[in-house]
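When reading the values below, keep in mind they use all heavy atoms of this one structure, side chains included, and skip hydrogens, waters and symmetry mates. Throughout, a chain's letter reflects where its sequence line sits, starting with A, and its residues are numbered from 1. Treat the numbers as computed from the prediction; the structure is a model and nothing was measured.
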Amino acid sequence: TITYTALVVALGKAKEAAKAHAVLGQIERAGLRVDCHAYTAVIKAYEKSGMPAEAEAVLDEMAAKGVEPNVVTFNTALSAHAGAGDVAAAEAVAERMRAAGCEPDASTYAALAGAYAAAGEPRGAVDAISQAEDAGVAVSPLCYNMALAAYGAAGQPQACRALLERMRRKGLQPNVFSWSAVVHAAAQCGDPDGARAAVREMRARGVEPNVYTYTMLINAHGAAGDLEGAARVLGEMRAAGVHPT
RNA sequence: GAUACAUU
């Protein structure tokens, strides 16, 4: 089964999800038992191919065969829905997981937050973080960054600021992704000065802006019709040793 | 056997 599972993984990486799934039949025909790892690899294959419904169907197949999914299995299925921004389906997997007596871990909450972020629902992403913290599960900065990015895209700098503060209270250092979300939020609000101030502040805190951050800043100036300012930012970026792409 | 982050 381990040998066949290696094949499933390889096919999954090549986005040959249907072929990966078919290998399970080969395992059975060889008189071997399809285990949790093999099923998980198939779910992963569907996830990589952007086929969340098929991924979820594998969970049903497992139930029918009496094979218990583990936390990785559930998280992988959840990620498949998260990638599609399908919040309802992602929550359903989380529910299914709890019903199976499987404890959600940091990856579970991160995938849930990602689902809400992909759906453009920052509040839901923050709720997922809150749930994790209530459950005593420590979340990574990445989890916050997904919620921050959603607020950034929505042009809500004040919400970004509040979340940055919350990160710090939890002992997490906002990184370049976190700060770039603040810059993005200001840019989306048509507030180049706010964007500039955010960049100043991140530097003051020892976080260097990267090409994404500068691009957002250039955009903020450009959108406000300040072409001179936009050109100036480009110069600053080069001076900082960040190369345009 | 996984995993998720930003600019256009």
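Backbone-only engagement by A:Val9 is indicated by non-hydrogen atom pairs under 4.0 Å involving sugar-phosphate atoms exclusively. Residue-level contact check: A:Ser79 touches the backbone only, with heavy atoms under 4.0 Å from sugar-phosphate atoms and none from bases.
In this structure, A:Lys44 atom NZ and B:A2 atom C1' are separated by 6 Å, rounded to whole Å. B:U8 atom P lies 5 Å from atom NE2 of A:His184, rounded to whole Å. One interatomic measurement links the two molecules: CD of A:Glu56 to P of B:A2, which rounds to 21 Å at whole-angstrom precision. Distance, A:Leu78 CG to B:U3 P: 14 Å, rounded to whole Å.
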Can you give the donor-acceptor pairs under 3.5 Å from side chains of residues 6-17 of chain A to other protein atoms, not counting sequence neighbours?
none

Validation: residues 112-129 of chain A side-chain donor-acceptor distances under 3.5 Å, sequence neighbours left out:
{"unit_1": "A:Tyr116", "atom_1": "OH", "unit_2": "A:Glu91", "atom_2": "OE2", "d": "2.6"}

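For the ring pair (Phe, Tyr, Trp, His ring centres under 6.0 Å) test, residues two or more places apart in sequence or in another chain that qualify with A:Tyr46 are A:His21. Residues satisfying the side chain to side chain contact (heavy atoms under 4.5 Å, CB included) criterion with A:Val34, sequence neighbours excluded, are A:Leu24, A:Ile27, A:Glu28, A:Ala38, A:Tyr39.
Other residues, nucleotides and ligands contribute more than 12 heavy atoms inside 6.0 Å of the CD atom of A:Glu208. By the 6.0 Å contact criterion, CD on A:Gln158 is enclosed, its count of non-hydrogen atoms from other residues, nucleotides or ligands being greater than 12.
Counting only residues at least two apart or in different chains, ring-ring contact (aromatic ring centres under 6.0 Å, His included) contacts with residues 51-80 of chain A are absent. Pairs of residues two or more places apart, or lying in two chains, that qualify as salt bridge (charged side-chain N to carboxylate O under 4.0 Å, His left out) and include a residue from residues 138-165 of chain A are A:Arg161-A:Glu201, A:Glu165-A:Arg168. Counting only residues at least two apart or on different chains, no ring-ring contact (aromatic ring centres under 6.0 Å, His included) pair has a member in residues 184-227 of chain A. Contacts classified as salt bridge (charged side-chain N to carboxylate O under 4.0 Å, His left out) and involving residues 169-195 of chain A (residues at least two apart or in different chains) are given here: A:Glu133-A:Lys170.
A:Ser178 and A:Asn145 share a donor-acceptor pair across their side chains, judged by distance under 3.5 Å alone. Using a 3.5 Å distance cut-off with no hydrogens or angles, the side chains of A:Thr76 and A:Thr40 do not pair a donor with an acceptor.
Within a heavy-atom distance below 4.0 Å of RNA chain B, the residues of residues 97-115 of chain A found are A:Ser107, A:Ala110. Sorted by residue number, the list of members of residues 150-171 of chain A with any non-hydrogen atom under 4.0 Å from RNA chain B is empty. Of all the residues in residues 135-147 of chain A, A:Leu142, A:Asn145, A:Met146 reach under 4.0 Å from RNA chain B with at least one non-hydrogen atom. In the region residues 209-230 of chain A, proximity to RNA chain B at under 4.0 angstrom, judged on heavy atoms, holds for A:Asn210, A:Tyr212, A:Thr215, A:Met216, A:Asn219.
Under 4.0 Å is where a charged nitrogen must lie from a carboxylate oxygen, and between A:Arg98 and A:Glu103 no such pair does.
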